[in-house]
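Side chains included, hydrogens not; waters and symmetry mates left out as well; all remaining heavy atoms used. Whatever order the structure lists them in is the order used to number ligands and atoms, beginning at 1. All values reported here derive from a predicted model rather than from experimental measurement.
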Amino acid sequence: MGTQFTNESISSLSADWLVIGLIESAPLTEAVAKLDKSLAGLITRLIESEDFTGKQATTSSLLGLTEIPTPRILLVGLGPKADVSLSSLEKSMMTAARTISTKQNTRIAVPLPDLGETSVTASEASRVISTSMVVGSVGQDIYREEAARHPFQDILIVGTNSADQSTCEQAVEQGLILGESINLAREMVNRHASDIFPISFADRTVEIAKTYGLESEVLDESQLKQEKMGSMLAVAQGSDQPPRLAILKHQGGDPSAPTLALVGKGVTFDSGGLSLKPSDGMKTMKCDMGGAAAVLGAMTAIARLKLPVNVVGYMGLVENMVNGSSYKLGDVLTARNGKTIEVLNTDAEGRLVLADVLTLATDRGAAKIIDLATLTGACVVALGEEVTGVFSNDDHWSKAVQDAAKSSGEDVWEMPMFPQFAEQLKSDVADLKNIGTRWGGAITAAKFLENFVGETAWVHLDIAGPAFASANQPCREGGGTGCMVKTLVEVANQFK
Ligand code: BES
Ligand code: MN
Ligand code: ZN
């Protein structure tokens with residue numbers, strides 16, 4: 001896939017599709033009006049007859065055109081001017097990309113819509129359109145003989161105002177990088193657990209590090225033992241697949257500058273262990289490495305964008321399975337920081353993996369930490385399938401992450417960290433137990449993690465809902481979503 005920014009006229013350029021975003025009840029832009037003239041007023045007639053209204057994310061296809069070099073036009077509604085935002089534009093453009101990506105080797109051209117008097121600038125629109133075209137044209141076809149969706153070959157974003165040329169060009173390139181990084185995270189989640197297990201995931205990180213100039217390190221089982229990561233190792237014990245800790249480093253800033261650590265839960269399959277999940281809860285558990293996939297995607301983007309900051313990504317990779325060596329209920333584990341944990345449910349494994357990885361990240365000198373994990377069903381009950389839960393020990397850091405999510409168009413919501421939730425984790429035989437009561441499970445999980453970050457400013461993102469979409473929607477494909485990649489890149493972009 002390649003993206004380009006151009007100032008060519010949409011009436012004379014040649015592509016397979018023109019994707020034209022139109023604001024509800026707004027006059028046509030100069031370029032679209034000219035095109036409309038070439039088409040003998042077809043677009044105007046569609047609007048007048050209300051066959052196309054510009055309502056958000058609605059589409060209308062004009063096919064078999066002979067008056068212009070491009071034979072097909074997709075009109076896509078952007079909604080009323082007052083409602084246009086980065087995320088509404090993304091939704092419309094994702095819908096457009098998904099509508100027309102049904103054939104191979106498609107070249108598309110998208111004129112920048114007229115977003116004057118909205119909150120969206122031309123360069124932001126260039127970036128969002130570019131990302132949407134890259135993400136929206138890739139489906140879940142890894143294991144299908146006949147692909148349902150085909151990545152666009154060329155994506156032309158067509159500008160109107162030549163003054164913006166160079167910032168828009170940059171934005172289009174950034175959008176491509178973000179889109180490809182999101183697609184990488186999606187691919188990792190979409191591959192089934194027989195393809196992606198700790199070793200194969202770690203191998204992929206090494207390969208990607210070589211491609212994009214990241215430093216990489218992989219700790220194997222014996223190194224994890226040396227590091228005393230008893231909590232993470234206990235989870236891995238029940239699987240034939242040995243665990244790995246994959247680390248990627250981007251040294252873009254001064255060596256003395258602070259380091260941002262991104263920590264991802266990488267449970268490549270979560271059967272629940274001896275506290276076995278029923279089939280219904282288990283069937284999508286290849287997605288339980290969505291946190292690690294987001295870290296991998298974000299690190300790739302951060303390296304490709306050459307951000308002038310120091311970022312380290314940690315991916316804790318294990319498979320939570322059942323065999324004769326599985327960790328058991330009642331086991332008392334010793335975590336890397338010396339704390340002991342009574343296991344009362346082997347399905348609360350994510351926190352056991354993160355505990356040790358968080359401690360390692362703090363010991364290695366992280367100034368600030370963000371962890372991402374498909375951690376609790378309780379978070380999905382609380383916030384639904386599309387909102388990420390935010391938990392933190394530091395209000396400033398939490399605000400910085402929430403602001404980055406907002407400007408990336410990703411929905412997050414802060415949850416309380418009241419001390420009484422920690423009470424639930426008191427054990428009679430160990431320092432902590434790994435589950436609380438039935439209620440407030442997303443919060444007790446976060447309170448558990450808080451024990452492993454010391455005084456370091458830390459944000460925990462529970463992505464159990466948004467990491468994986470159970471069904472297709474017009475504006476997005478089902479399966480892995482690559483959620484939080486954009487937010488992490490924006491956090492790194494703002495990091496000082
Ligand atoms: N990986 C699951 C959480 C999950 C649920 C992710 C649904 C995505 C969708 C996690 O390891 C888990 O099993 N959590 C338990 C915790 C409980 C045993 C305290 C849960 O949510 O039921
Ligand atoms: Mn589990
Ligand atoms: Zn899990």
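Below the 2.8 Å limit, the Zn ion (ligand 3) has as protein N, O or S neighbours K265 NZ, D270 OD2, D288 OD2, E349 OE2.
Proximity of a side-chain donor or acceptor of N310 to a complementary backbone N or O of G253 within less than 3.5 Å is detected.
For V267, no heavy-atom contact with ligand 1 is shorter than 4.0 Å. Contacts between E385 and ligand 1, counted as non-hydrogen atom pairs separated by less than 4.0 Å, are absent for every part of the residue.
Between the Mn ion (ligand 2) and the N, O or S atoms of D270, the shortest distance is to OD2.
The Mn ion (ligand 2) forms the vertex of an angle spanning OE1 of E349 and O of D347; to the nearest 10 degrees it equals 70°.
Residue contacts with ligand 1 include R351, since one or more of its heavy atoms lies under 4.0 Å from the ligand. At a 4.0 Å cut-off, not a single heavy atom of V380 sits close enough to ligand 1 to count as contact.
Side-chain contact between R186 and V135 is present, with at least one heavy-atom pair separated by less than 4.5 Å. Counting heavy atoms from C-beta outward, V19 and V76 have side chains that approach closer than 4.5 Å.
Using cut-offs of 30° and 60° on the angle between ring planes, the pair W397 and F495 is perpendicular.
Nearest protein heavy-atom contact of atom 20 (C) of ligand 1 is G377 N, 3.9 Å.
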